[in-house]
2 protein chains.
Amino acid sequence: MITTSHATNEIRDTGQARPMVELRVVALTFAHGVLFTFVANDSQNVHLPNTYPVEGESLNETAMRLLRANLGFSEQYMEQLYSLSHSGSGNWSILVSYLALVCTEGDLARLDQGEWVSASAVDRLSESDRMVVEYALFRLRTKLGYTTIAFHLMPPLFTLSELQNVFETILGRTLDKRNFRRRMATLGILAGSRQTRRDGSHRPARLYRFLPDHDPTDYLTPPWASVQPGE
Amino acid sequence: MITTSHATNEIRDTGQARPMVELRVVALTFAHGVLFTFVANDSQNVHLPNTYPVEGESLNETAMRLLRANLGFSEQYMEQLYSLSHSGSGNWSILVSYLALVCTEGDLARLDQGEWVSASAVDRLSESDRMVVEYALFRLRTKLGYTTIAFHLMPPLFTLSELQNVFETILGRTLDKRNFRRRMATLGILAGSRQTRRDGSHRPARLYRFLPDHDPTDYLTPPWASVQPGE
DNA sequence: GCAAAAGTGTTATTAGTACACCCATGC
DNA sequence: GCATGGGTGTACTAATAACACTTTTGC
């Protein structure tokens, strides 16, 4: 039945049912001081956005399309997380999970396909969905130390305090203001604009943007993540 | 046809053929100053060891079993790399790739299932196999900087020059001997044995082993990589 | 005694950490 | 004038990088 040109060695096709492949996306956004994750809901069920792969399309493209279908826009960071085997409710699937970071600028209005829920309160999700969300948060935390990943959660213009707030929320601890600002400055990826923002009864804050050419040198995503091999 | 309890939103099952899922393992070992990768061969075909997932078994377990079936032993490092969609020779598959590091102590004798070939000369492999090998090497190089991953390529007892040689080969550049040794010492994961090894007409080298309790704090593999969610 | 790899210290630079006060604004 | 968050500098410590000679052995 399975007839690739190079058959498997030792472990052969038993003729048993093959697993489905399912893509799931953990979309994270930052608002009101916490991280939110997007969940879809149909009738009573709350779950991560999911779909199936399509022949002739890379998994990345499919995941992108899935997110666009749920959130309605397409400018976001997307990274494959992990694949795992899952047997639930009689169905055997291989889950391929993705992490997406999106900037909502605090606008968490309920969407047609679902809603944003606090990423630390995901009790309504299935166990497998919760595992994927936990791993997404773990990965985000880990990569924060050696990549510029958190930038994808920021709007085009932001204050340094806002940026620090995002870091502190993800890491779960406070950071020293002066050291944080020095670190950001030495990274050389921020450009101060001439604009400021008044936010209350105190001194206005300078607004910054990210330099367009900050090559993230992505450590985890292979260079060919978005293409399909031709062979 | 596809009937999970929570159906996908927007992108629905079209009833078209579903992809197969295939696991592929890049097993790397260090010998004679270079990295080797294990390739299986049946009749005229040379390819990475591959197999199919099994219901009720985690993908990690399956990959481990696959490697054991090819190499005949089971004590090795294994890490999931990436999943990608691949349409070749009329078959559509989702490839789930793994990186394994094994210690052969220079014994690259041809095995029943295949042979070791230089990891930089993989011309006989298919394009998709070559992509996976390239990414495995990339990941190994990247993780070398912030993990203890290279230890899995070493035999139980080794000299510091041998260890440095492995690092230099993976990184593709030379390292300063004194700085390298200092770094290894401050990591605190090496124990010097009282034994030495004479290797030629020069001073014998002290032999070291890795401390058994060096927790690698794996940055990329989720904690639940080896289990299946119970739903 | 010479070839060949093992082994060892110091200095300069850089990155990280800890820590406290003045500034601009609204009310 | 006071409450609020914005903004800044210095000193200590740890990690990194550059660099050269002595030691032990076989022949």
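So that the names make sense, note that chain A is the first sequence line, chain B the second, and so on, each numbered from 1.
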task: Measure the distance from CZ on B/R181 to C1' on D/dT16 and round it to the nearest whole Å.
output: 18 Å
- request: For B/L207 and for B/H202, find the nucleotide of DNA chain C with the closest heavy atom, then tell me which residue's nucleotide is more 5'.
  value: B/H202
- request: Could you list the residues that satisfy salt bridge (charged side-chain N to carboxylate O under 4.0 Å, His left out) with B/E162, not counting sequence neighbours?
  value: B/R197
task: Take atom CE of B/M184 and atom C1' of D/dT16, then tell me their distance rounded to the nearest Å.
output: 13 Å
- request: Ignoring hydrogens and angles, state whether a donor on the side chain of A/S161 or A/T159 is under 3.5 Å from an acceptor on the partner side chain.
  value: no
field: Rounded distance in Å - CG (B/D199) to P (C/dA6)
entry: 8 Å
message: Under 4.0 Å, counting only non-hydrogen atoms across every strand here, what does B/R206 touch: a base, just sugar-phosphate, or nothing?
response: sugar-phosphate
field: CZ (A/R110) with more than 12 external heavy atoms under 6.0 Å
entry: yes
- request: Show the numbers, then the answer: is there a side-chain contact (heavy atoms from CB on, under 4.5 Å) between A/T104 and A/V102?
  value: CA-CA 6 Å; A/T104 49; A/V102 308; 4.1 Å; yes
- prompt: Going by the angle between their ring planes, with limits at 30° and 60°, are A/F138 and A/Y135 parallel, tilted or perpendicular?
  reply: parallel
- request: Measure the spacing between CZ of B/R182 and CZ of B/R178 and express it to the nearest 0.5 Å.
  value: 8.5 Å
message: Does the plane of the ring in B/F151 sit parallel, tilted or perpendicular to the ring in B/F210? Use 30° and 60° as the thresholds.
response: parallel
- request: Measure the distance from CZ on A/F180 to C1' on D/dT8 and round it to the nearest whole Å.
  value: 16 Å
Residues A/R65, A/T51; criterion side-chain contact (heavy atoms from CB on, under 4.5 Å); working and verdict: CA-CA 10 Å; A/R65 227 159 29 74; A/T51 189; 5.8 Å; no
- prompt: Does any residue of residues 156-165 of chain B have a heavy atom under 4.0 Å from DNA chain D, and if so, which ones, in number order?
  reply: none
- line: The contact string for nucleotides 10-22 of chain C, one letter per nucleotide 5' to 3', using protein heavy atoms under 4.0 Å with B, S and - for base, sugar-phosphate only and none, comes out as B------BBBB--
